[in-house]
Amino acid sequence: KEPLLQASELSRYFGTEVAVNNVSFTIHKGEVLGFLGPNGAGKSTTMRMLSGNLAPDNGQIIINGVDLLDHPKQAKAHIGYLPETPPLYKELTVAEFLQFCARLNAIDKQHQKAAIDSAIERCGLTNVSNRLIGNLSKGFQQRVGIAQAIIHSPAVVILDEPTSGLDPIQIREIRQLIRDIANEHSVILSTHILPEVQMLCDRVQIISHGQLMFNDSIDALSQKM
Ligand code: ADP
Ligand code: ADP
């Protein structure tokens with residue numbers, strides 16, 4: 001079966017330093033793929049390339065049959081992306097911000113309200129939709145970040161360190177939200193937290209010094225430990 005996303009021989013340099021070194025992998029429909037590695041391993045650089053926000057120096061990314069580098073607009077419609085530090089507009093309300101995101105994602109005018117309402121509901125934001133983002137807790141701000149990543153119903157949702165900087169209760173809530181998201185989207189989850197991968201993912205890839213070291217099921221990973 002055709003993979004939903006296929007990354008082939010991705011490399012990215014910063015100056016002479018290689019941040020991502022010849023990385024290839026696929027993700028299939030319904031999968032939750034963990035991208036595990038320590039700080040500086042190359043996770044964010046890979047996520048930025050997959051989301052179309054950073055050009056690779058080498059390699060190819062095919063999403064739903066569309067080449068991301070050749071047809072970025074078309075390919076990006078299939079991808080949702082939560083950066084490690086999402087650019088939230090703190091002076092907008094949740095609903096205003098998501099309205100802005102709906103427009104950015106070129107959702108048809110007549111479908112925007114339904115898309116916004118659905119994202120608000122799915123991310124547990126109903127009671128805060130008219131509050132300013134800047135006045136929300138970090139946990140709720142992260143829900144807004146996830147809402148903007150799913151608003152256009154992408155096939156693949158890329159989450160970069162989605163629980164970083166949250167307290168234990170917020171972490172539990174965001175992990176539950178990720179489980180809910182995974183029922184309707186394929187997910188790529190970047191994290192340095194092994195238990196997070198064990199809790200949420202079907203398969204894990206370990207990245208170290210820019211290179212993939214391991215690519216197998218969570219069960220296979222657990223047997224190695
Ligand atoms: P991770 O997300 O796993 O922590 P990153 O992808 O952020 O790793 O970083 C991989 C390597 O690339 C690190 O050595 C980092 O310092 C470097 N790097 C990342 N982004 C840049 C950048 N914009 N300019 C220079 N170096 C960068
Ligand atoms: P990450 O999100 O990859 O873990 P940061 O939060 O430190 O890393 O990165 C925030 C921004 O700084 C990103 O745009 C990243 O590319 C850039 N960056 C990261 N490391 C470096 C570096 N060594 N030199 C310059 N820019 C960097």
Side-chain angles (χ1 to χ4, degrees), residues 5-27 31-63 68-69 72 75-76 79-88 138-139 141-146 148-150 154 156-167 170-171 174-175 177-178 181-182 185-218 221 224-225:
L5 182 150
Q6 177 149 29
S8 312
E9 299 176 8
L10 286 183
S11 293
R12 172 71 203 208
Y13 291 81
F14 291 108
T16 55
E17 295 290 312
V18 66
V20 172
N21 190 354
N22 202 29
V23 161
S24 301
F25 63 92
T26 60
I27 178 169
E31 260 194 317
V32 182
L33 172 63
F35 225 83
L36 181 69
N39 256 333
K43 302 183 299 297
S44 288
T45 303
T46 305
M47 299 307 119
R48 291 173 67 203
M49 291 193 287
L50 294 179
S51 65
N53 285 282
L54 180 72
D57 291 315
N58 183 61
Q60 190 183 43
I61 299 164
I62 308 282
I63 298 159
L68 175 65
L69 300 171
K76 279 184 183 181
I79 314 167
Y81 175 47
L82 175 71
E84 190 171 2
T85 15
L88 302 175
K138 261 215 106 193
Q141 290 184 356
Q142 197 65 330
R143 289 167 188 259
V144 175
I146 293 174
Q148 64 77 32
I150 62 164
V156 185
V157 178
I158 298 168
L159 304 173
D160 192 356
E161 297 275 5
T163 61
S164 87
L166 304 182
D167 72 30
Q170 294 168 339
I171 289 174
I174 292 298
R175 286 181 181 157
L177 176 55
I178 293 169
I181 299 295
H185 308 262
S186 300
V187 173
I188 301 179
L189 173 73
S190 150
T191 181
H192 64 281
I193 306 165
L194 173 64
E196 188 156 290
V197 161
Q198 291 172 312
M199 273 182 257
L200 297 175
C201 301
D202 306 312
R203 187 158 63 83
V204 59
Q205 301 190 143
I206 298 176
I207 185 166
S208 174
H209 300 291
Q211 287 184 287
L212 282 189
M213 312 300 290
F214 180 91
N215 178 1
D216 212 331
S217 66
I218 298 299
L221 177 69
K224 294 221 166 186
M225 313 230 313

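Read the numbers this way: they start at 1 and go in the same order the structure lists the ligands and their atoms. Basis for what follows: all heavy atoms, side chains included, without hydrogens, waters or symmetry-related copies.
Counting atoms of ligand 1 from 1 in the listed order, those under 4.0 Å from a heavy atom of Thr45 are 5 (P), 6 (O), 9 (O), 19 (C). The atoms of ligand 1 that sit less than 4.0 Å from any heavy atom of Ala41 are 1 (P), 3 (O), 8 (O). Near Asn39, with a cut-off below 4.0 Å to any heavy atom, the atoms of ligand 1 are 4 (O). Against a heavy-atom cut-off of under 4.0 Å, Lys43 is close to the following atoms of ligand 1: 1 (P), 2 (O), 3 (O), 4 (O), 6 (O), 8 (O).
The two residues Lys138 and Ser164 come nearest to each other via the heavy atoms NZ-O, 3.7 Å.
By the side-chain contact (heavy atoms from CB on, under 4.5 Å) test, Ser217 pairs with Asp219, Ala220, sequence neighbours left out.
Lys43 places a side-chain N or O within 3.5 Å of a backbone atom of Gly37 that can act as its donor or acceptor partner.
With Leu221 as reference, Ile206 is the one residue of Asn215, Ile206, Asp216 to meet the side chain to side chain contact (heavy atoms under 4.5 Å, CB included) rule.
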For residues 9-22, please give each side-chain donor-acceptor pair under 3.5 Å, one per line with the distance, not counting sequence neighbours.
from  : atom 1 : to    : atom 2 : distance (Å)
Ser11 : OG     : Asn22 : N      : 2.8
Arg12 : NH1    : Ala55 : O      : 2.8

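In this structure, Pro38 counts as a contact residue of ligand 1, since one of its heavy atoms falls inside 4.0 Å of the ligand. Heavy-atom separations between Gly42 and ligand 1 include at least one value shorter than 4.0 Å.
Remark: ligand 1 and Gly40 share an N or O pair separated by less than 3.5 Å (distance only, no angle test). Any N or O atom pair closer than 3.5 Å counts here, and Ser44 shares at least one such pair with ligand 1.
The local environment of CE in Met199 is crowded, with over 12 non-hydrogen atoms from other residues, nucleotides or ligands closer than 6.0 Å.
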